[in-house]
Amino acid sequence: MSIFLPEHPASALPDSFFDRDAQMLARDLLGKVIRHRVGDLWLSARIIETEAYYMAEKGSHASLGYTEKRKALFLDGGHIYMYYARGGDSLNFSAKGPGNAVLIKSAYPWVDEVSGPASLAQMLLNNPDANGHPRPSHKLCAGQTLLCKALGLKVPMWDAKRFDPQSLYVEDVGQAPTHILQTTRLGIPSGRDEHLMYRFVDAGYAAYCTRNPLRRGQVEGRDYFLL
């Protein structure tokens, strides 16, 4: 039987939580849980990888200027900015200051009394592999578009919206990372500030993020920093 949450869950992050520096927000979102209600189920995932973006640097969408499509980036912290990347949906949250935001790069399925086995089963159905088979749970949200597909998040439904405690919110479940890895962002074209270390990974889940900063050949102090 599905469990419906109170009108405003006490542990749901308020809009004010997001109204902070993008790098600080990117770090503090690690360990938080995204909950999206689909029908009678709450689909949930623990954030394990984020990227910070600023209007003043060339890697951001906002650096290309204001458009109606990018308006969420220029709104107060706590607005949802979604866009299409490689044919899939991507989830971002606006931060403090016009044009600044955090991309939710990857997550890990979260199961508890609110989001039980039926929720995880639905996420597996939402995001099969290329052959139509269920993905291993640890790969279900291992990338920005995989995350959105597993959670059923779509650009037309959520772009430029605020959080809604009855449909979509981020919750503090008391799972702060023990250690955080700071490294360069992924997919930034050459010459567009690709060197900036604005990607943050929960070290305990490094093996399950988009690209493991601790993989063979990476050197602490050069390729990543342990916070």
Legend entry - Exceeds 12 heavy-atom contacts within 6.0 angstrom, atom NZ of K161: yes

Inset, instruction - Examine M157 and L153 and state if one hydrophobic cluster contains both, with Ile, Leu, Val, Met, Phe, Trp and Tyr joined whenever side-chain heavy atoms are less than 4.5 Å apart. - result: yes

Inset, instruction - Answer yes if Y81 and F74 sit in the same cluster of Ile, Leu, Val, Met, Phe, Trp and Tyr residues linked by side chain heavy atoms under 4.5 Å apart, and no otherwise. - result: yes

Legend entry - Side chain S119, main chain W42, donor-acceptor under 3.5 Å: yes

Legend entry - Ion pair D112/R35, N-O distance below 4.0 Å: yes

Legend entry - Y208 side chain to D202 side chain, donor-acceptor N/O pair below 3.5 angstrom: no

Legend entry - N100 side, atom CG; Y53 side, atom OH - distance, nearest 0.5 Å: 13.0 Å

Inset, instruction - Could you tell me whether K154 atom NZ has more than 12 heavy atoms of other residues or ligands within 6.0 Å of it? - result: no

Inset, instruction - Report yes or no: does T145 contribute a side-chain atom to a donor-acceptor pair with the main-chain N or O of D89 at less than 3.5 Å? - result: no

Inset, instruction - State, with a plain yes or no, whether a side-chain heavy atom of F200 is found less than 4.5 Å away from one of Q23. - result: yes

Legend entry - Straight-line distance of N126 CG to L151 CG, nearest 0.5 Å: 8.5 Å

Legend entry - Ring-face cation contact, F17 with R20, 6.0 Å cut, 45° max: yes

